[in-house]
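Below is one structure, written out as structure tokens; comments come after it.
Lettering follows sequence order; numbering is per chain, from 1. Below, each value reflects all heavy atoms present in this structure, side chains not excepted, and no hydrogens, waters or symmetry copies.
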Amino acid sequence: MAGYQDLVLRVNLTTGKVATESLNKEWARDFLGGKGLGIKYLYEEVGPGVEALSPENKLIFMTGPFTGTIVPCSGKLGIITKSPLNGYILDCSIGGSAAVEIKRAGYDAVIVEGKSDYPVYLLIEDGQVELKEAGDYWGLCCHDTEEKLKKVYGDDYSVLSIGPAGENLVAYACITSDLYRQAGRGGVGAVMGSKMLKAVVVKGTGAVRAADAKKLMDVTYNAYKNDLLTDTNLWAYTDGTPMIVELSQTTGILPTRNFQQGTFDQFANIKSEAVAAAREAKKGCVSCGLGCGNFTRVGEAVVEGPEYETLSIAGSNCGINDLGAIVKFNANCDAFGLDTISAGGTIAFAMEMTEKGIYDFGIRFGDADKYVELPELIAKREGLGAELALGAKKLAEKYGGIEFAMQVKGLEFPGYDPRGAWGMGLAYATAPRGACHMSAWPVADEAYGEGNPFTIEGKAEMVKDLQHYNAAKFSLILCDFWALSFDIMAEMLSALLGEEVTAQSLEQAGERIFNLARLFNTREGLSAKDDVLPARIHRHPLATGSTEGKTLPEEEFIKMLLEYYSIRGWDNNGVPSGEKLQELGLR
Amino acid sequence: MQIKYLPEKCIGCRLCEMACSGVKEGVFNPSLARLQVASRYKAYKLVNEAKICDSCQSCVRACSTGAIKFEEGRLVFVKDDCVKCGACFEACPTGVLRPGGDEFPLLCDGCQGDPYCVKWCPHGALILEEVG
Amino acid sequence: MIIIELRGPLARYGCEHGEKGRIEAKADNGVTVRQILNQVPIPLQHVGLIVVNGKKGSLQTMLSEGDSVVIFPVVAGG
């Protein structure tokens, strides 16, 4: 099948068995690749009640049909597993070069099962696959692990690794690749750690085929020049995500001091121009024509970033106004293997708990010196880090303050305050993995665009449509930052496969994928009671800026949520109806 | 005309290699591209490097069968005359010339003056330059 | 005088006193953001958030002497 390698690599760490099997073509047609196909495999193979950190959970690395071709922005790797935060579906993606290497090695996917008795890493060199003892690497930070492995195998290998946080099963441990790229959210690194898998080292030398390479190049070149490389997407190159700081500040949704405010007095210290001043180079993933990565150095600390999510959640939200401190914190999170969003969100919660006198964590807003040391303590579960490793929700369950533990389903909020973007509240509440900005990003319209942020009118429809759009796009493996239409996706996919795919069928695939993620979750017992926001969003008015005095009232939120269920064909408890499942071919 | 590489403008996307292999070989595989670009972090610095054919004609001189020629300002490969002796690879000073899957040399002919690698380069890291 | 800063890729549409992404306009009576952007000109389909004196504005916002305007491109994905 053009665009696919038709091969899945399955590695069982309990038995040490490595095997290949054909890709399920029917599933590939219905769920495309990446996110969608990964969810399908996990849905079929990991049943309800399985503990996320047990050997029965699986860790799926999934490429997309466009990965390894000329189609730009297709170089990301989907990572799908059961979430250690909540037992629901978790899908992440990671940039860099690993996805293209896996595909060129001949595989659409790598499925890791079981658990090793001792630390191992997986070495993939085209058809040669081996599990290697990783005792010498266990305990090392991500950067050191990668550098050491590249010394053995060469710079042209890609490495996916975990740091001490993943080894120690911290619930928001990430996976790192190409030194500075992360699959950040939801604890994918903890799942990898639970399997004692320190790293995946991969090199591929093979080809990816299109039905007609010349035709795919012609169709894609047109989209590349006239759609991708235009003023609508090139902000990713000129600025990257730090540009969003000023957008959020202006619209009053920049999380500040654990979401007590929507503006930050010293925002100029952390906005795009400040990051650009410390920038050394631009960098993109393999196949990306944009190049959002800002390789930044402040003193000894280097990162590819900091991204907006870090600048906001681990910056203004922690009351940190020093870009150098944020870069250092970011570099420490990268090294020790932590998600900067959940780390920042958890620390901000602890800061407010301390300042309110509810529980003294010994850290206050703006305490940059202490804050930069925390990633190491969290990853090693030492001292205060042992508490913070729990994440905001569990910390609140232990010490109080649940109304301002800013999380949904255990996953900490990203950098947009829903009180100034009501649709974003719905997106957080209904995203399968918890509070997440990758399932839908309505802020582009309702806060930064022409829309009205303070209404529920039209938001259910908007969030639903965006969820389908992202589900389809991330399954084909196309980057978030290319705002392309379903028509262009369909045109490129048709040329790749050599058969007609319509925009409408891709949109329906997006809906199918989103509904399958929901089914995974309802099978685990999820229902409407879990699609909720922290009480602060409903009850605490924002204190400053253009959102001063604003909440997202609970009755409005519930109205919006019920409307959303209804237009989705889900019942009032958030369970997809038989009719809807029939329509989508999920029954 | 010569293809020139400006490392400070390269973001490491490798679309140049994808485009080259796509148009010349009909598949997408950087190992079959007629240029090689690497953008990697080494010792906490970003290092961008490329190997690009500069038509030095060392391969032409090394080729004993006349399979590689220089005609009308560009390199030409005549497959029927190639005996796969490998002398051209040895002679190439940059190492950009390498064998393809069938062991024939992956010779850059500059796409008849309109190179795909340059066309696909997003931020001007590959440019066409007048010689001399 | 009204100062307009153009952010991201839009910076290429303006240059004043050698400073890329910056234009100055006269504060004529009742001039709107739209009129100024049309003068440059900047393709309006690429214009996203409009900030006037630190607050969200629109193409219809009327400008007066001393106003500072920042124009962002449309963005997608965070």
More than 12 heavy atoms of other residues, nucleotides or ligands under 6.0 Å from [atom1] of [X]: yes or no?
X        : atom1 : result
B:Lys9   : NZ    : no
A:Gln128 : CD    : no
A:Lys150 : NZ    : yes
A:Glu300 : CD    : no
B:Lys84  : NZ    : yes

Minimum heavy-atom separation for [X] to [Y], with atom names?
X        : Y        : result
B:Arg40  : A:Asp155 : NE-O, 3.0 Å
B:Phe28  : A:Gly68  : CB-O, 3.3 Å
A:Ala213 : B:Gly22  : CB-O, 4.1 Å
B:Cys13  : A:Cys288 : CB-O, 2.6 Å
A:Val286 : B:Arg14  : CG2-CD, 4.1 Å
A:Tyr224 : B:Leu15  : OH-CD1, 3.5 Å

Below 4.5 Å, heavy atoms only, C-beta onward: do [X] and [Y] meet side chain to side chain?
X        : Y        : value
B:Tyr44  : A:Leu179 : no
B:Pro122 : A:Leu229 : yes
A:Met217 : B:Trp120 : yes
A:Lys282 : B:Cys10  : no

Below 4.5 Å from any heavy atom of chain B, which atoms of [X] appear? Answer side chain, backbone, both or neither.
X        : value
A:Thr220 : both
A:Lys283 : both
A:Ile70  : both
A:Leu228 : neither
A:Lys225 : side chain
A:Val302 : side chain

Main-chain N/O of [Y] paired with [X] side-chain donor or acceptor, under 3.5 Å:
X        : Y        : answer
B:Asn29  : A:Thr205 : yes
A:Tyr221 : B:Lys119 : yes
B:His123 : A:Tyr237 : no

Next on the checklist: Does the plane of the ring in B:Tyr41 sit parallel, tilted or perpendicular to the ring in A:Phe295? Use 30° and 60° as the thresholds.
Outcome noted: tilted
Checklist entry - With respect to chain A, which residue among B:Ala43, B:Pro30, B:Ser39 yields the maximal number of heavy-atom pairs within a distance under 4.5 Å? => result B:Pro30
Next on the checklist: Counting heavy-atom pairs under 4.5 Å with chain A, which one of B:Ala19, B:Gly101, B:Ala38, B:Cys121 comes out on top?
Outcome noted: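 Maximum pair count with chain A is reached by B:Ala19.
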Checklist entry - Counting heavy-atom pairs under 4.5 Å to chain B, which of A:Asp178, A:Asp156, A:Val100 comes out on top? => result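 With the most close heavy-atom pairs to chain B, the winner is A:Asp156.
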